[in-house]
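Sequence lines set the chain letters: A, B, ... in the order given, protein chains first and strands last, and positions in each chain run from 1.
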Protein chains: 2
Amino acid sequence: MSGLTERQKLVLALLVRDYVDTAEPISSGRLVANYHLDFSPATARNEMAALEQRGYLFQPYTSAGRMPTKEGYRYFVQQLMGADELPSPIKEMIRHQFYQARHDVDDWLSLSASVLAQQSRVASIVAQLHTEKARLKQIALLSTRGRQVLLVIILSSGEVHQQTLILEELLPQEQLNSMAAQINHLVAGMDTIALEEKRGEIKDTQLEEVFTVVHQIIRASEVISSGDVYRDGLANMLSEPEFSEPEKAKQTLELFEDRVMLDDLLSRTVIESDAPGVHVIIGGEDTWDKLGDCSLIIARYGSKEHAMGAVGILGPLRMAYSRGVSTVRFVSDLMSELVSESLSN
Amino acid sequence: MSGLTERQKLVLALLVRDYVDTAEPISSGRLVANYHLDFSPATARNEMAALEQRGYLFQPYTSAGRMPTKEGYRYFVQQLMGADELPSPIKEMIRHQFYQARHDVDDWLSLSASVLAQQSRVASIVAQLHTEKARLKQIALLSTRGRQVLLVIILSSGEVHQQTLILEELLPQEQLNSMAAQINHLVAGMDTIALEEKRGEIKDTQLEEVFTVVHQIIRASEVISSGDVYRDGLANMLSEPEFSEPEKAKQTLELFEDRVMLDDLLSRTVIESDAPGVHVIIGGEDTWDKLGDCSLIIARYGSKEHAMGAVGILGPLRMAYSRGVSTVRFVSDLMSELVSESLSN
DNA sequence: TTTAGCAGTCTTCTATTGAGAGTGCTAAAG
DNA sequence: CTTTAGCACTCTCAATAGAAGACTGCTAAA
């Protein structure tokens, strides 16, 4: 089966655009009139019938207008869609917001979620992912209250972890400092494997206790995603007509609240393809079935060596893919820029 | 105007219960039959008319059954509602989950949100609030990457804050340690006012830079709420018939996503009343108008001296107040217990 | 190959109707 | 004076029918 004719591509592209705007089945007459096409509605109808034959369009019932199928959207995104860049003033505004924020990855992440939600008018997801090989840079032990001690761990990627411990006996801060110094001296720059080998060298019980926790945390941080997930713009989604049935809305919200699900989604876009750039996943099917009737536009930021994560938007199938891709690309590039700048200082 | 008769109280109480279960206007006949009342539907009708007169009930239209008004719910909660304790096995299960979690306030908070959502079948909110007088316990400076430095601040309450700084020049960890030690020596145990007075004693520029940030953070932490807000169970809400209209659902979701709003809500329940215990706010009116057609059951945990916060649930007006209050009370007591245990170690 | 014309199909809107549910009132009973 | 049976009345809800309208697919001509 050969490809589509130019005119078929035109019809499909316009129909998708129009449907995304109006959320109503598009008729041949409407299409021709709206875009001043130089062929008649009858011709458009013929082309639409052909596109339906190929599975790119469907009619909700005999003799209604047509709407794109998932396949139709996919063809549109892969072959037809042009770039719909964010206007420069908006880009500048966003950039400004980021540079104005504190120099903190967490702040940038929540800002990303907020910006994406606002620009795309759908829901956004942002998460920090973790590098595969975690190497210890240094730790600190800080007395907080009584036997309670805060363990701060800094990885070579610049990532920070903290955890409260309760020690067997009460130790003054000076002693905590010296314990931290000992551990730092022993294991700085090591990954989990090297760390494991050093275990035997530790004699002191208190020290071993701390060592064990450090080891645990570093192992835990080797999991692909384990930090906070930032979400925003949930309310946007409910405005869309596809979520007018509460059942649909509920499903989507559950998808959003399910951490396991999100982790899976995020990690798969990152692991599955080494290719950077924006990924568009349109609707659920086999591997992505949980996605249901939603689409996900997602991109990685950062690099394997540094802090890394994913930013994306989640919306109904009927969404402004072109604008969405541009927005996600812009934000992920900005994050990459910020992260690498901040680390090269 | 005198109070309600016993029979009126009975009718109101049963009607509220029944309506909460069924979400449908309750008729006199139904009420009498369902609860085997020893008076006739006609009598019930008279009582219901009287209750309507007082503003506790209303009919959606002439000759439908009746449903409670906000006032009706308020009367019910304040005067009629008994305790509907959680079953012991469930209490034990929850307790078990908490003691199994890591000894980390953050973990407890997110667990609280999850437990509340699951038990109440509505949405939950949990937030850490801050004590009014923040006193510095100690700080640490940890080199993360290049000129980037992690500032960790521990307050006397045990609260931990962290922030990334970028220093003017690159300093080795040893020098950072000595800077931290100097600051600790200078200002340990001080509040913002005392801190301000010490400013003059600092000569070194780098040191002053750090000092300024420390000061800022402590000031910021004196705001009532500034930490993360944990939410859960949003999807629960959409199952309720009151949110079948997307418009209502959207409003409620927006309320939930609006940090400013939530902060206000939380801080008011904490500031406004020194009384501990569970607060029930039923629907929006003047001071709480943003709440709209939702109710909030909320309680404080912890104490002013220690880590403190609020746990609560947010649902439609038609919600199981009795069970909700018991659940919120149980979780907040549990949190208090955990926090004070953890601090007395 | 394109297009005008038209019959045919399916939805959607409005109006009408009947059934049912529940009330308020009245008058009798306790 | 309180309670209750009886009943007329009101209003919703569901079902039905019919009319209007929107598009299509087909056919035949350009």
Side-chain angles (χ1 to χ4, degrees), chain A residues 2-12 14-16 18-19 21-69 72 241-242 244-245, chain B residues 2-12 14-16 18-19 21-69 72 241-242 244-245:
Chain A
S2 57
L4 300 184
T5 66
E6 284 309 308
R7 193 164 63 195
Q8 284 169 345
K9 290 182 185 173
L10 177 65
V11 168
L12 180 54
L14 293 179
L15 193 143
V16 169
D18 213 19
Y19 181 67
D21 276 355
T22 62
E24 272 164 20
I26 308 298
S27 72
S28 56
R30 185 195 162 83
L31 205 62
V32 171
N34 251 1
Y35 298 98
H36 309 99
L37 300 180
D38 60 352
F39 44 86
S40 75
T43 308
R45 270 203 292 285
N46 288 334
E47 301 293 30
M48 285 158 83
L51 289 165
E52 181 162 18
Q53 196 72 32
R54 295 192 183 233
Y56 293 148
L57 297 180
F58 81 102
Q59 301 174 278
Y61 48 86
T62 334
S63 43
R66 282 169 168 100
M67 5 200 318
T69 59
E242 19 274 285
S244 61
E245 303 133 74
Chain B
S2 57
L4 301 183
T5 67
E6 284 309 309
R7 193 165 63 195
Q8 285 169 343
K9 290 182 187 175
L10 177 65
V11 168
L12 180 55
L14 294 179
L15 193 143
V16 169
D18 213 18
Y19 180 67
D21 276 356
T22 61
E24 273 164 21
I26 308 297
S27 72
S28 56
R30 182 193 165 84
L31 204 62
V32 171
N34 251 1
Y35 298 98
H36 310 99
L37 299 180
D38 61 351
F39 44 85
S40 75
T43 309
R45 269 204 293 286
N46 288 334
E47 300 294 29
M48 284 158 82
L51 288 166
E52 180 161 19
Q53 197 71 34
R54 294 191 183 235
Y56 294 148
L57 298 180
F58 82 101
Q59 302 174 278
Y61 49 85
T62 333
S63 42
R66 281 167 169 101
M67 11 204 309
T69 59
E242 19 274 284
S244 60
E245 302 134 74

**Report entry** Rounded distance [0.5 Å steps], CD in B:E47 versus CG in B:L51
**Finding:** 7.0 Å
Report task. Measure from the side-chain heavy atoms of B:R45 and tell me the nearest of D:dT24, D:dC11, D:dG6. Result -> D:dG6
Query raised in the report: What distance separates B:L10 CG from B:L37 CG, expressed to the nearest 0.5 Å?
Result: 6.0 Å
Query raised in the report: Of all the choices, C:dT23, C:dT2, D:dG25, which nucleotide is nearest to the side chain of A:R7 once you look at every atom?
Result: C:dT2
Report task. Identify the heavy atoms of A:P68 and A:V16 that sit nearest to each other, and give their distance. Result -> CG-CG2, 3.9 Å
Query - Pair assignment for C:dG30, Watson-Crick or G-U wobble, requiring both distances under 3.5 Å - result: D:dC1
Requested in this report: Decide yes or no, distance alone: a donor-acceptor N/O pair under 3.5 angstrom between the base of C:dT9 and the side-chain of A:S63.
Outcome: yes
Query raised in the report: Between atom CD1 in A:I26 and atom P in D:dC23, what is the gap in whole Å?
Result: 9 Å
Requested in this report: May I have the distance from B:D18 (atom CG) to C:dG22 (atom P), rounded to whole angstrom?
Outcome: 12 Å
Query raised in the report: Between C:dG22, C:dA4, D:dA5, which nucleotide has the shortest distance from any of its atoms to the side chain of A:S40?
Result: C:dA4
Requested in this report: Rounded to the nearest angstrom, tell me the gap between atom CG in A:L51 and atom P in D:dG25.
Outcome: 12 Å
**Report entry** A:L37 CG to C:dT2 C1', straight-line distance once rounded to whole Å
**Finding:** 14 Å
Query raised in the report: Within this structure, what is the CG-to-P distance between A:L57 and D:dC23, rounded to whole angstrom?
Result: 15 Å
Query raised in the report: Between D:dC1 atom P and B:F39 atom CZ, what is the distance in whole Å?
Result: 22 Å
Query raised in the report: At under 4.0 Å between heavy atoms, what does B:R66 touch on the DNA or RNA strands: base, sugar-phosphate, or nothing?
Result: sugar-phosphate
Report summary line: Checking D:dT4, C:dT2, C:dG24 against the side chain of A:T43 (C-beta onward), the nearest is C:dT2
Query raised in the report: Separation of A:E24 atom CD from D:dC23 atom C1', in whole Å?
Result: 14 Å
Requested in this report: Report yes if a side-chain nitrogen or oxygen of B:T62 is closer than 4.0 Å to either non-bridging phosphate oxygen (OP1 or OP2) of C:dT23; otherwise report no.
Outcome: no
Query raised in the report: Can you tell me how far CZ of A:F39 sits from CG of A:L31, rounded to the nearest 0.5 angstrom?
Result: 7.0 Å
Report summary line: Here the distance between atom P of C:dT23 and atom CZ of B:F58, to the nearest Å, is 14 Å
**Report entry** 5' priority, DNA chain C, between B:A42 and B:G65 [closest heavy atom]
**Finding:** B:G65
Query - Residue-phosphate contact under 4.0 Å: A:Q59 side-chain N/O, C:dT9 OP1/OP2 - result: no
